[in-house]
Peer 1: 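Below is a structure I'd like to ask you about.
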Protein chains: 2
Amino acid sequence: MAAITRAEDLKQTLETKILSGELLPGTRLDEQGLAHQFNISRTPVREALRQLGSSGLVDMRSRQTPIVAIITVQKLIQMFEVMAELEGLCARLATRRITSQQRSQLLRSQDDLKESLKTDEPMRFYEVNREFHEVIYEAASSEFLAEQTRNLRNRVSPYRRHVTAQPGRMIATIAEHQAVIDAMSIGDSDAAATAMRRHVNLLGDSLADLIAHLPSDMIEGTIGR
Amino acid sequence: MAAITRAEDLKQTLETKILSGELLPGTRLDEQGLAHQFNISRTPVREALRQLGSSGLVDMRSRQTPIVAIITVQKLIQMFEVMAELEGLCARLATRRITSQQRSQLLRSQDDLKESLKTDEPMRFYEVNREFHEVIYEAASSEFLAEQTRNLRNRVSPYRRHVTAQPGRMIATIAEHQAVIDAMSIGDSDAAATAMRRHVNLLGDSLADLIAHLPSDMIEGTIGR
DNA sequence: ATAAGGCTTATTGTATGCAAAGTTTTGATT
DNA sequence: AATCAAAACTTTGCATACAATAAGCCTTAT
């Protein structure tokens, strides 16, 4: 399922670089530069940028050089608010529809989380955490809901890695995940939804605090160049 | 705030035609045809189509002629499920943040709904109904949430008008709106969220039923030719 | 009659050139 | 030295030409 068109290829490449933090918010993405850099013409570059634009990762003000989207603290809070609701719905649906296989995957990922906390591997923690949520998306059996939620996760991802590595947050995350698992295991879908919503909102608050209390020139989001 | 670029213009035009039902799901949107029809080149046409593609209104399978997106009944149900959750969140936030002006706007729209039912003006009903929800988005004071919810409303809109005009649904809608208003007026944000979620889900079920029980060649969504 | 295969045609993907809008630099004037 | 204006330059928006791929059609063989 490799991308066949240059535009699609570039879109994937840029998306990866933005999500991974290699391209920081505010970075200018001029067509000619990218075209030259990837040995393609401006046409597919434009298409890739436009697509990233409508997905929200790139800011496309007309007649101006596109930049990696900068999210204000206020908007970040709003995004987590919505994400909390969607993840909550995922948990609610998953509680009713989860298979036993998926249930054991959840338990396993919980063990892995504790392990990576003990061995102090924040990157692994980040990845396992992602898997935990991914299992719940799958268990919810709503491809559309999964897409929407993933898209939102992606959009906040460039800011998220700041907070994920914080020790306090890692411990809290494990406890919050446990609350979700517990609610799901007794089949209480409302409690599962509430626990998940709370989990995501706490994460958002913590991230918002972190960013808001940083001096503005420490925030990567300020127009770097 | 008129669109200045041809691509943006065309995007708006196509979006309007799709939402209004003038362009039915399954309609082919070939670049050359549109370019000729609007006296512009293929380049801005491509851009407009790509944008509509990522917003979900147009289906853009690679190397194939784009078509107005066809939504399966299953996916439609999933979309309403998510929309119900988002509209519920809107109602919850709006309950806490609504101004007195907005509150009276809600009451007024409720009167207008009853009026347009009495005078049998389904188009007006449709429009006032939209306004009702729009006021709640605004009252929720989360531009991001409003955007997400609107986008979803737009995506189901081509299918929605089938059910809106049904007399039973119109009466039910008025009652369901009233439940939302009542909960909001006593400041019970949870009840408001639940009432709104219920309202949107009922609408979705009703629409899904309608479409599922129709012979497939009566569904506009089937690839018309 | 039907299915398989190749050829023709239609349509999308990409490159390039030109026009228009925006940005920066430079210079003149106060 | 500071400010404003204009010109030079940069960068995006659009048009057109060409390449590549998929779709449709016809032929042919079984």
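In the text below, chain A, chain B and the rest are named by the order of the sequence lines, each starting its count at 1.
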Peer 1: Quickly work out the B:L10 CG to D:dG13 P distance and round it to whole Å.
Peer 2: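 B:L10 atom CG is separated from D:dG13 atom P by 15 Å.
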Peer 1: Take atom CG of B:D30 and atom P of D:dG24, then tell me their distance rounded to the nearest Å.
Peer 2: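 The distance from CG of B:D30 to P of D:dG24 comes to 13 Å, rounded to the nearest Å.
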Peer 1: So what does A:E47 touch, heavy atoms closer than 4.0 Å: a base, only the sugar-phosphate, or nothing?
Peer 2: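 Nothing, no nucleic acid heavy atom in range.
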Peer 1: Side-chain atoms of residues 198-207 of chain B: list all donor-acceptor pairs with protein atoms under 3.5 Å, sequence neighbours left out, distances to 0.1 Å.
Peer 2:
residue	atom	partner	partner atom	Å
B:H199	ND1	B:E176	OE1	2.4
B:H199	NE2	B:H177	NE2	3.2

Peer 1: Taking atom CD of B:Q37 as the centre, does the number of heavy atoms from other residues, nucleotides or ligands within less than 6.0 Å exceed 12?
Peer 2: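 Yes, CD of B:Q37 has more than 12 neighbouring heavy atoms, counting only those of other groups under 6.0 Å.
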Peer 1: So what does B:R6 touch, heavy atoms closer than 4.0 Å: a base, only the sugar-phosphate, or nothing?
Peer 2: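 B:R6: backbone/sugar contact only, no base atoms under 4.0 Å.
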Peer 1: What is the distance, rounded to the nearest whole Å, between atom CZ of B:R61 and atom P of C:dT11?
Peer 2: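 Whole-Å distance recorded here is 17 Å.
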Peer 1: Can you measure B:E31 atom CD to D:dA20 atom C1' for me and round it to whole angstrom units?
Peer 2: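 Interatomic distance, CD of B:E31 to C1' of D:dA20: 14 Å.
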Peer 1: Classify the side chain of B:R63 and the base of D:dT21 as holding, or not holding, a donor-acceptor pair under 3.5 Å.
Peer 2: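 Checked by distance alone, the answer is no.
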Peer 1: Let's test your reading of the model: under 3.5 Å, does the base of D:dG13 pair with the side chain of A:R42 as donor and acceptor?
Peer 2: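 Checked by distance alone, the answer is yes.
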Peer 1: Just to be sure I understand the rule, does B:R50 reach a base, reach only the sugar-phosphate, or reach nothing, if contact means heavy atoms closer than 4.0 Å?
Peer 2: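 Here B:R50 touches the backbone only, sparing every base.
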Peer 1: Among C:dT12, D:dC14, C:dA15, which nucleotide has an atom closest to any side-chain atom of A:I40?
Peer 2: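 Within the option list, the nearest is C:dA15.
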Peer 1: Can I get a per-line list of side-chain donor-acceptor pairs under 3.5 Å for residues 63-71 of chain A, giving both atom names and the distance, sequence neighbours left out?
Peer 2:
residue	atom	partner	partner atom	Å
A:T65	OG1	A:R28	NH2	3.4

Peer 1: Considering only D:dG13, C:dT12, D:dA15, which nucleotide approaches the side chain of B:P44 most closely?
Peer 2: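 Out of D:dG13, C:dT12, D:dA15, the nucleotide with an atom closest to B:P44's side chain is D:dA15.
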Peer 1: Base, sugar-phosphate or nothing for B:T43? Non-hydrogen atoms, less than 4.0 Å.
Peer 2: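 Answer is base: heavy atoms of B:T43 come under 4.0 Å of a base.
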Peer 1: Check the distance between D:dC14's C1' and B:F38's CZ and give it to me in whole angstrom.
Peer 2: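 Rounding to the nearest Å, CZ of B:F38 and C1' of D:dC14 are 17 Å apart.
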Peer 1: Taking only side-chain N and O atoms of A:S41, does any of them lie within less than 4.0 angstrom of OP1 or OP2 on C:dT14?
Peer 2: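 So the side chain of A:S41 is outside the cut-off, no N or O lying under 4.0 Å from OP1 or OP2 of C:dT14.
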Peer 1: First locate atom CD of B:Q102, then atom OG of B:S109, and finally report the distance between them rounded to the nearest 0.5 Å.
Peer 2: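 OG of B:S109 is found 12.0 Å from CD of B:Q102.
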Peer 1: For A:Q32 and C:dA15, give me the distance from atom CD to atom C1', rounded to whole Å.
Peer 2: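 After rounding, the reported distance stands at 13 Å.
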Peer 1: Under 6.0 Å from the CD atom of B:E121, do we count more than 12 heavy atoms belonging to anything else shown?
Peer 2: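 Yes.
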Peer 1: Could you work out how much the helix from C:dA1-D:dT30 to C:dT30-D:dA1 bends, comparing the axis of its first five pairs with that of its last five, to 10°?
Peer 2: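 The angle, to the nearest 10 degrees, is 10°.
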Peer 1: Look at B:K11 together with B:E47 and state whether they make a salt bridge at an N to O cut-off of under 4.0 Å.
Peer 2: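 Not counted as a salt bridge, because no side-chain N and carboxylate O are separated by less than 4.0 Å.
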Peer 1: Using heavy-atom distances to pick each residue's nearest nucleotide on DNA chain C, tell me which of B:S62 and A:Q64 is more 5'.
Peer 2: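 Checking each residue's closest nucleotide, the 5'-ward one belongs to B:S62.
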Peer 1: Find the distance A:H36:NE2 to D:dT10:C1' and express it as a whole number of Å.
Peer 2: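 For the pair A:H36 NE2 and D:dT10 C1', the rounded distance is 16 Å.
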Peer 1: Separation of B:I4 atom CD1 from D:dT12 atom P, in whole Å?
Peer 2: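 Atom-to-atom, B:I4 to D:dT12, this comes out as 15 Å.
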Peer 1: Using 0.5 Å steps for rounding, measure from the CD atom of A:E147 to the CE atom of B:M79.
Peer 2: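 Rounded to the nearest 0.5 Å, the CD-CE separation comes out at 9.5 Å.
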Peer 1: Could you grab the distance from atom CZ of A:R155 to atom CZ of B:F144, nearest 0.5 Å is fine?
Peer 2: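 Spacing of CZ (A:R155) from CZ (B:F144) equals 4.5 Å.
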